[in-house]
Amino acid sequence: MVASGKDPREEVLQAWYMDDSTEDQRLPHHREPKEFVSLEQLDELGVLSWRLDADNYETDEGLKKIREERGYSYMDFCEVSPEKLPNYEEKIKNFFEEHLHTDEEIRYCVAGSGYFDVRDRNDAWIRVWLKKGGLIVLPAGIYHRFTLDSDNYIKAMRLFVGDPVWTPFNRPHDHLPVRKEYLQAFVQKERSDHAVDAAA
């Protein structure tokens, strides 16, 4: 049997550079022509991802292993839709405000889908489409935002190390130590690596 070489995560996670349109935030917002972003490029920004078995999350050994290895002791569920979320319009507006957290943001999509937008090294928006079976980890200190797509529904498992702290720090919060640590680990490191390559 020949391996296809396709990353299974690509079936539950896609990413692309966004256009500058202010049209409905739930639309895909592709650039013209479309500019896709690889999972490796997301890894380089500290954005990690897995493909898991969302139909059997209670017994999934893959999820159990990730939780053990990464210390995700807390777990709950969040359903986002006009019918399920109290104060939906206000909440979805808040989620779409650009912000960062002092801890990782971990979301495992067990039903539906949604968009997590993250900033690249040059401050351009990358839209990450998370679908059923995808687990995404946004590193502490990365500027990001969330919105539903046009299907208007996601059910996500939220994971956390210890007691959850969901406090968003809306941009600008560049003075926070966690932001400086993120820049040092993922932005400045990459720039210095390129400088070394160029000098070689």
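Reckoned from all heavy atoms, side chains included, excluding hydrogens, waters and symmetry mates.
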Minimum heavy-atom separation for [X] to [Y], with atom names?
X      : Y      : value
Tyr74  : Asp76  : OH-OD2, 2.7 Å
Lys132 : Val12  : O-CG1, 3.1 Å
Leu42  : Ile126 : CD2-CG2, 4.1 Å
His29  : Leu27  : CD2-O, 3.1 Å
Cys109 : Ala54  : O-CB, 4.0 Å

Less than 4.0 angstrom from a charged side-chain N to a carboxylate O is my criterion; do [X] and [Y] meet it?
X      : Y     : value
Lys34  : Asp19 : no
Lys131 : Glu11 : no
Lys65  : Glu69 : yes
Glu89  : Lys93 : no

Under 4.5 Å between side-chain heavy atoms, counting indirect links through other Ile/Leu/Val/Met/Phe/Trp/Tyr residues: same cluster for [X] and [Y] or not?
X      : Y      : value
Trp129 : Phe116 : no
Val118 : Val178 : no
Phe146 : Trp16  : no
Val37  : Phe186 : yes

Do [X] side-chain atoms and [Y] backbone N/O form a donor-acceptor pair below 3.5 Å?
X      : Y      : result
Asn87  : Glu90  : no
Gln41  : Ser38  : yes
Tyr182 : Gly46  : no
Ser73  : Gly162 : yes
Asn122 : Ala124 : no
Arg107 : Gly134 : no

Are any non-hydrogen side-chain atoms of [X] and [Y] less than 4.5 angstrom apart?
X      : Y      : answer
Leu130 : Ser113 : no
Leu39  : Glu10  : yes
Lys84  : Lys155 : no
Thr102 : Thr167 : no
Phe169 : Leu100 : yes

Would you call the rings of His99 and His101 parallel, tilted or perpendicular, taking 30° and 60° as the class edges? perpendicular
Start with the C-alpha gap between Tyr88 and Leu148, add the side-chain angles, then the distance that decides, and say whether side chain to side chain contact (heavy atoms under 4.5 Å, CB included) holds. CA-CA 11 Å; Tyr88 169 78; Leu148 290 174; 3.4 Å; yes
Through direct or indirect side-chain contacts below 4.5 angstrom among Ile, Leu, Val, Met, Phe, Trp and Tyr, which residues connect to Met75? Leu48, Trp50, Leu52, Tyr57, Leu63, Ile66, Tyr72, Phe77, Ile106, Tyr108, Val110, Leu135, Val137, Met157, Leu159, Val161
So, applying side chain to side chain contact (heavy atoms under 4.5 Å, CB included) with Leu138, which one of Val128, Val47, Asp103 is it? Val47
[X]-[Y] side chain donor-acceptor pair, cut-off 3.5 Å:
X      : Y      : answer
Glu79  : Tyr153 : yes
His144 : Glu105 : yes
Ser150 : Arg26  : no
Asn152 : Ser81  : no

Looking at residues at least two apart in the chain, or sitting in another chain, which of them share a side chain to side chain contact (heavy atoms under 4.5 Å, CB included) with Asp117? Met18, Phe96, Tyr115, Trp125, Arg127, Arg145
Please confirm whether the ring centroid of Tyr17 lies under 6.0 Å from the ring centroid of His30. no
Quick one: is the NZ or CZ of Arg119 closer than 6.0 Å to the six-membered ring centre of Tyr143, and within 45° of its axis? no
Verify the neighbour count for atom CG of Asp123: are there more than 12 heavy atoms of other residues, nucleotides or ligands below 6.0 Å? yes
What distance separates Cys78 SG from Leu85 CG, expressed to the nearest 0.5 Å? 6.5 Å
